[in-house]
Amino acid sequence: MTIDPLTISNLIMGLAAWGAACLVALWLSLIVWTYRDIRSRARDPLVRILAIIVVALLFLPGIVVYLILRPPRTLEEEYQHTLE
C-alpha cells in the first residue's frame with residue numbers, strides 16, 4: 001500500500017490549519033480573560049489598556065508578565081479588607 005504525496009500534503013495542511021486555529025482561539029481567549037481579570041482588579045483605564053496590549057502583543061510571555069505585575073487582590077477583596 002502506497003500513500004501518494006498529495007494525500008500526505010493535504011493531511012499536513014489540514015493539521016497545520018487546525019493547529020493554527022487552536023492557537024488563535026487560545027490567543028483570543030487569553031485576551032478576553034485578561035480584560036475580565038484586570039477589570040475586576042484595577043479602576044485606572046490606562047492600566048487596563050496596557051494589560052490587554054501586553055497580552056495581545058506578546059501572547060504567552062505577555063500573560064506571564066501580566067500575572068507577575070497584576071494587583072494581588074480584586075477591588076472587591078480590597079473593599080472587604082477595608083471594612084475589616
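When reading the values below, keep in mind they use all heavy atoms of this one structure, side chains included, and skip hydrogens, waters and symmetry mates. Position 1 is the first residue of the sequence; numbering continues from there. From a predicted model like this one, the values you see are computed outputs, not experimental measurements.
- In terms of hydrophobic clustering, with Ile, Leu, Val, Met, Phe, Trp and Tyr side chains grouped at heavy-atom distances under 4.5 Å, L30 and W27 are assigned to a common cluster.
- Atom CD1 of I3 is surrounded by 12 or fewer heavy atoms from other residues, nucleotides or ligands within 6.0 Å.
- Using modelled atom types and a 3.5 Å distance limit, the side chains of Q80 and E84 yield no donor-acceptor pair.
- Shown here for G62 and V55, the closest heavy-atom pair between the two residues is O-CG2, 3.9 Å.
- Residue pairs meeting the side-chain hydrogen bond (donor to acceptor under 3.5 Å, both in side chains) criterion with at least one partner in residues 52-63, sequence neighbours excluded, are absent.
- Two residues are said to be in side-chain contact when any heavy atoms from C-beta on lie closer than 4.5 Å; F59 and L23 meet this criterion.
- Put simply, V64 and V32 are part of two different groups of oily side chains (I, L, V, M, F, W, Y) that touch within less than 4.5 Å, one to the next.
- The minimum heavy-atom distance linking I38 with A51 is given by the pair CG1-CB, 4.1 Å.
- With rounding to the nearest 0.5 angstrom, the OG1 atom of T34 is 12.0 Å from the CD1 atom of I53.
- R70 CZ to I63 CD1: the interatomic distance, rounded to the nearest 0.5 Å, is 8.5 Å.
- Residues Y79 make up the rest of the hydrophobic cluster containing L83, defined by ILVMFWY side-chain heavy atoms closer than 4.5 Å, directly or through other members.
- Residues forming a salt bridge (Lys or Arg N to Asp or Glu O under 4.0 Å) with R48 (at least two apart in sequence, or on another chain): none.
- The only member of R43, R73, R41 that meets salt bridge (Lys or Arg N to Asp or Glu O under 4.0 Å) when paired with E78 is R73.
- Cluster annotation: L67 and L75 are assigned to distinct hydrophobic clusters (Ile/Leu/Val/Met/Phe/Trp/Tyr, side-chain heavy-atom contacts under 4.5 Å, transitive).
- Inter-residue side-chain proximity for W18 and C22 is flagged as met; some heavy-atom pair is nearer than 4.5 Å.
- Annotation: the span from I49 atom CD1 to Y35 atom OH amounts to 10.0 Å, rounded to 0.5 Å.
- We find the CG-CG distance between L6 and L11 to be 11.5 Å, quoted to the nearest 0.5 Å.
- Here L57 contributes atom CG and I52 contributes atom CD1; the two are 11.5 Å apart, rounded to the nearest 0.5 Å.
- A distance of 3.5 Å separates CG in D37 from OH in Y66, rounded to the nearest 0.5 Å.
- Linking Ile, Leu, Val, Met, Phe, Trp and Tyr residues whenever their side-chain heavy atoms come within less than 4.5 Å places L58 and V24 in a single cluster.
- With hydrophobic clusters built from ILVMFWY side chains whose heavy atoms lie under 4.5 angstrom apart, I68 shares a cluster with V47.
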